[in-house]
K.L.:
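Before I ask anything, here is the structure I am working with.
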Amino acid sequence: QVQVVESGGGLVQAGTSLTLSCAASGRTSSNSAMGWFRRAPGKERECVASINWRGDNLAYADSVKGRFAISRDNSKNRVYLQMNNLKPEDTAIYYCATARVGYLSMKIYDYDYWGQGTQVTVSP
């Protein structure tokens, strides 16, 4: 059984930083690509960052490029999302997911196990 658990969300002011953490266990998660997704109110879920299984290939949504950084520690089965210079439009529920593939992917259908999500709220 694969489990994915996010942590680190909260209420912050615009311009500040926050780090999300994701713990994945079960399937050989170290061989899987990992992604961070978010769903803002009234919007569809979108991929904001993805990392391949080795951690040497990264991708970001245009809206977060230069502000967010994804990383992973396969020895701990953890993935992180460092979010800097947060904006009110970053307010969303953030989800971590593990993919059924090892290569980099920002396609939602490549991800099969999801966490419950963690709320990030950015005040003006």
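Any value given below was found using the heavy atoms of this structure, including those in side chains, with hydrogens, waters and symmetry copies removed. Sequence positions, counted from 1, serve as the residue numbers for this chain. Computed from a predicted structure; not experimentally measured.
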K.L.:
For E6, which of V79, I93, T118 qualifies under side chain to side chain contact (heavy atoms under 4.5 Å, CB included)?
P.N.:
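Per the side chain to side chain contact (heavy atoms under 4.5 Å, CB included) rule, the option paired with E6 is T118, out of V79, I93, T118.
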
K.L.:
Do you know the tightest heavy-atom contact between L104 and A59?
P.N.:
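So the two residues come closest at CD2-CB, 3.6 Å.
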
K.L.:
Spell out, as yes or no, whether a donor-acceptor pair under 3.5 Å connects the side chain of T91 to the backbone of V122.
P.N.:
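Such a contact is found between T91 side chain and V122 backbone.
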
K.L.:
Would you verify whether the NZ or CZ of R45 falls within 45 degrees of the ring axis of Y95 while also being under 6.0 Å from that six-membered ring's centre?
P.N.:
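So R45 does make the cation-pi contact.
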
K.L.:
What are the two closest non-hydrogen atoms of D112 and A99, and how far apart are they?
P.N.:
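Nearest heavy atoms, D112 then A99: OD1-C, 3.9 Å.
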
K.L.:
Taking atom CE of M83 and atom CH2 of W36, what is their separation to the nearest 0.5 Å?
P.N.:
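Between atom CE of M83 and atom CH2 of W36 there are 8.0 Å.
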
K.L.:
Evaluate the criterion side chain to side chain contact (heavy atoms under 4.5 Å, CB included) for residue pair W114 and F37; output intermediate values, then yes/no.
P.N.:
CA-CA 10 Å; W114 297 78; F37 294 74; 3.5 Å; yes

K.L.:
Main chain of N77, side chain of N74: is a donor-acceptor contact present, judged purely on distance under 3.5 Å?
P.N.:
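Side chain of N74 to backbone of N77, a donor-acceptor pair under 3.5 Å: no, none is there.
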
K.L.:
Where the side chain of Y60 meets the backbone of R67, is there a donor-acceptor pair that is under 3.5 Å apart?
P.N.:
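Pair absent, no side-chain N/O of Y60 close to backbone of R67.
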
K.L.:
Are T121 and Q119 linked by a side-chain donor-acceptor pair shorter than 3.5 Å?
P.N.:
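Distance-only check passes for T121 and Q119.
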
K.L.:
Please check this pair: side chain of S50 against backbone of M106, looking for a donor-acceptor N/O pair closer than 3.5 Å.
P.N.:
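Absent.
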
K.L.:
Quiz question: by atom type and distance under 3.5 Å, do the side chains of R100 and S32 form a donor-acceptor pair?
P.N.:
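The criterion, which ignores hydrogens and geometry beyond distance, is not satisfied for S32 and R100.
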
K.L.:
Identify whether the distance between the nearest side-chain nitrogen and carboxylate oxygen of R39 and E44 falls below 4.0 Å.
P.N.:
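Judged by the 4.0 Å cut-off on N to carboxylate O distance, R39 and E44 do not form a salt bridge.
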
K.L.:
Quick one: closest heavy-atom pair of C47 and A61, and the distance?
P.N.:
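Minimum heavy-atom separation between C47 and A61: O-CB, 3.5 Å.
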
K.L.:
Pick out which of V64, L18, L20 makes a side chain to side chain contact (heavy atoms under 4.5 Å, CB included) with L81.
P.N.:
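Checked V64, L18, L20 against L81; only one passes side chain to side chain contact (heavy atoms under 4.5 Å, CB included): L20.
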
K.L.:
Testing the basics here: between N84 and S17, what is the closest heavy-atom pair and its distance to 0.1 Å?
P.N.:
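Distance-wise, the nearest heavy atoms are OD1-OG, 2.9 Å.
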
K.L.:
Please test N57 against I51 for side chain to side chain contact (heavy atoms under 4.5 Å, CB included), starting from the C-alpha separation and ending with a verdict.
P.N.:
CA-CA 6 Å; N57 200 4; I51 188 168; over 6 Å; no

K.L.:
Given W53 and V101, is the side chain to side chain contact (heavy atoms under 4.5 Å, CB included) satisfied, shown in steps?
P.N.:
CA-CA 8 Å; W53 72 275; V101 298; over 6 Å; no

K.L.:
Decide, yes or no, whether a salt bridge links D110 with K107 under the criterion of side-chain N to carboxylate O below 4.0 Å.
P.N.:
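Not counted as a salt bridge, because no side-chain N and carboxylate O are separated by less than 4.0 Å.
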
K.L.:
Are T19 and Q82 close enough that a side-chain donor and a side-chain acceptor fall under 3.5 Å?
P.N.:
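Judged by distance alone, the side chains do pair up.
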
